[in-house]
Protein chains: 2
Amino acid sequence: MTIATVARRAQVSRQTVSNVLNSPHVVREETRRRVREAIDALGYRASQAARQMRTGRSRLIAVRIEPTRDGINGSVLDRFLHGLTETADAAGYRAMLYTAADATAEIATFDDLLSAYDLDGFVLTGTDHGDPRTAWLAERGVPFVTFGRPWDDPDAHPWVDVDGAAGTAQATRHLLAVGHRRIGFIGWPAGSGVGDDRRAGWREALRAAGVDPTGLDRETVDGIAEGERLAVDLLTAASPPTALVCASDSLALGALQAARAATPSIGTAAPAAAPSAGTAAPAAAPAVPVIGFDDTPVAAAVGLTSVSQPLGDAAARCVDLLTAVLDGPPRTPAPVLLQPSLVLRHTA
Amino acid sequence: MTIATVARRAQVSRQTVSNVLNSPHVVREETRRRVREAIDALGYRASQAARQMRTGRSRLIAVRIEPTRDGINGSVLDRFLHGLTETADAAGYRAMLYTAADATAEIATFDDLLSAYDLDGFVLTGTDHGDPRTAWLAERGVPFVTFGRPWDDPDAHPWVDVDGAAGTAQATRHLLAVGHRRIGFIGWPAGSGVGDDRRAGWREALRAAGVDPTGLDRETVDGIAEGERLAVDLLTAASPPTALVCASDSLALGALQAARAATPSIGTAAPAAAPSAGTAAPAAAPAVPVIGFDDTPVAAAVGLTSVSQPLGDAAARCVDLLTAVLDGPPRTPAPVLLQPSLVLRHTA
DNA sequence: TTGTAGGCGTTATCAG
DNA sequence: CTGATAACGCCTACAA
């Protein structure tokens, strides 16, 4: 069934059907209705391939599905993907998946996707300083949005992000509010945008409360074992922290073990944790409160208090920004910074 | 750049270039090489849209991304998707995502995807008795594979699945081997294919060991709280089980809490759990050993012994089967039943 | 407002 | 083995 089938049925020319589809306003009301009826009756859908051939647009957006990393932080991705697919759908776009082992491979894939499939745009996740992927895309004028700020230049391209600093600051203030002063931070090595951002939130919140953060933080690559090691290190120091904020749930999980092992005597002011009404939590509050980041399923399962990112929203805004570039005037839409929220459970 | 650009550069006709691409064997060796060189030099890629228009094939396969359910079992999906994308890629296909609230909506989406985007095939996950989706697709001769058996008729269509019964049987045998006899099972309500399968594995393993499974199992909808409730129910019964096998990690997590609360005196023969060398586990072995199913990140994090499904393999085999249908002769490829493995951690 | 004439890049058919 | 020609379904002019 083609546009001609519909035209015959509605007693109009093919052109009129095309107009009803693409520029409804130029067709007389009554004719438009008749054509619409024919379309519905026939169950006609325009062929993307033919349309794409003519217009050069595929109505396809690409998003990378990364190899799951440690299995804990990896599981945030499917929430994002679901939101993305749903919103894209509503905007008349479809999401296409691709994988890539590294940035170089990813750029090669861009090229392939662009030249073979005529992709309309890309959604990139996890950007970093001097990301070669964004440079490549920008250079060629390919529309894209990143979930994650361009750390070098906030105006480089459209982006959506979650305010990580606000998240760790909120976590820190929560601990301050219940009486803690010496609050430690376990994060990633300096130099990564997200990592530095999350550390900054903690540091500033502490400073604002008149606490000197010096010596209260440690850094490591992500992982449960690493988190535990650093927490032990921190808790056995000269004047140890009485509570811990972590840059990820993995680190927090490790820290939690160290915290549970720590004797309550360490804390100077360790108030009782609020009994949460959430899902069942396997264990009691640790001697040293711990807060994680990402609100992964694991956090929910073990009762870990964690900073939660609005992933569905983030995905939706990514699509909004991308379609604004694709369908709207050629100006860069304003970036979106979303606020995370603290999900209180048993560990803080 | 089109096929004509390549033809000019290689000093051949457009048709010859097309032949090199689609039927290399009909082109003389030397010519083929010259064309290949031109293609590489120019960085030429055939336009999918044009090819699709001509052939009616899109080289696109669709897969649904479901709204994450309880956040625990949901996180298996991204591993599957990653494997799928990677294997599809290697076979020259790309994966497209779609969502649907229910089976009816999903069928409507099939229709849309098929008529507008000319999708080549579908990968369906989580089939059940009398699935309307498979019926719809089969009726129209649309190629598809399911990850999950067609419980009504094993020959209905190509499928890939993991042998759930073998998984629970293995878990049960593991517990039997370390001395347990009365091993309980917490599963889903009878009637679901997967649920019944997993229960059957436990039941048969017990019977094979000469233990009567009567009264040792309970059923409920999935969830942590539900798992805990049923475990308590089971453990406070007249002659309680000394170990528990669960149909999911969610149920197992709940059961684990009940098991930790249970006094060791309940067990008749509770041997010490093997200290696992895996990732750090937050707590000691419970009085009553518990084994989960799916090996989710949560299981790894809390040290829960669990039955692991080879998701990457499963995804790869799904693509294999689908491409066999798409590219090969029109006969239904044999189904694939993969074996799960037991990942030993601290809880059993 | 409607109809007619191209052409997007590819592959299939059919002569040479 | 190579070269010409038509057609896939749609959209964008342009003319009526």
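Lettering follows sequence order; numbering is per chain, from 1. The figures that follow rest on heavy atoms only: side chains count, while hydrogens, waters and symmetry mates do not.
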Within this structure, what is the [atom1]-to-[atom2] distance between [X] and [N], rounded to whole angstrom?
X: B:Asn19; N: C:dA12; atom1: CG; atom2: P; value: 9 Å
X: A:Arg28; N: C:dT2; atom1: CZ; atom2: C1'; value: 10 Å
X: B:Arg57; N: C:dT10; atom1: CZ; atom2: P; value: 18 Å
X: A:Asn22; N: D:dA13; atom1: CG; atom2: P; value: 12 Å
X: A:Met53; N: D:dT12; atom1: CE; atom2: C1'; value: 15 Å
X: B:Ile3; N: C:dA12; atom1: CD1; atom2: C1'; value: 13 Å
X: A:Arg34; N: C:dT2; atom1: CZ; atom2: C1'; value: 11 Å
X: A:Leu21; N: D:dC11; atom1: CG; atom2: P; value: 6 Å

Taking for each residue the nucleotide of DNA chain D bearing the nearest heavy atom, is the 5' side occupied by A:Ala46 or by B:Val27? B:Val27
Could you check B:His25 against B:Ala50 and say which one's nearest nucleotide on DNA chain D is further toward the 5' end? B:His25
Measure from the side-chain heavy atoms of A:Ser13 and tell me the nearest of D:dC10, C:dT10, C:dT2. C:dT2
Nearest to the side chain of A:Thr2, heavy atoms from C-beta on, is which of D:dG9, D:dT2, C:dG3? D:dG9
Contact under 4.0 Å: [X] side-chain N or O vs [N] OP1/OP2:
X: A:Tyr44; N: D:dG9; value: no
X: B:Arg51; N: C:dT11; value: yes
X: A:Ser18; N: D:dC11; value: yes

Less than 4.5 Å apart, side chain to side chain, heavy atoms only: is that true for B:Arg94 and A:Asp112? yes
Quick check: do A:Val162 and A:Pro310 have side-chain heavy atoms less than 4.5 Å from each other? yes
Quiz item: A:Arg54 side-chain donor-acceptor pair to D:dC11 base, under 3.5 Å: yes
NZ or CZ of A:Arg59 within 45° of A:Tyr93 ring axis and under 6.0 Å: yes
Identify which one of B:Leu42, B:Val17, B:Val35 satisfies the side-chain contact (heavy atoms from CB on, under 4.5 Å) criterion when paired with B:Arg9. B:Leu42
Toward the 5' end of DNA chain C, by each residue's nearest nucleotide, A:Arg14 or A:Thr31: A:Thr31
Using a heavy-atom cut-off of 4.0 Å across all strands, would you classify A:Ala4 as base, sugar-phosphate, or nothing? nothing
Between A:Glu106 and A:Tyr98: side-chain donor-acceptor atoms closer than 3.5 Å: yes
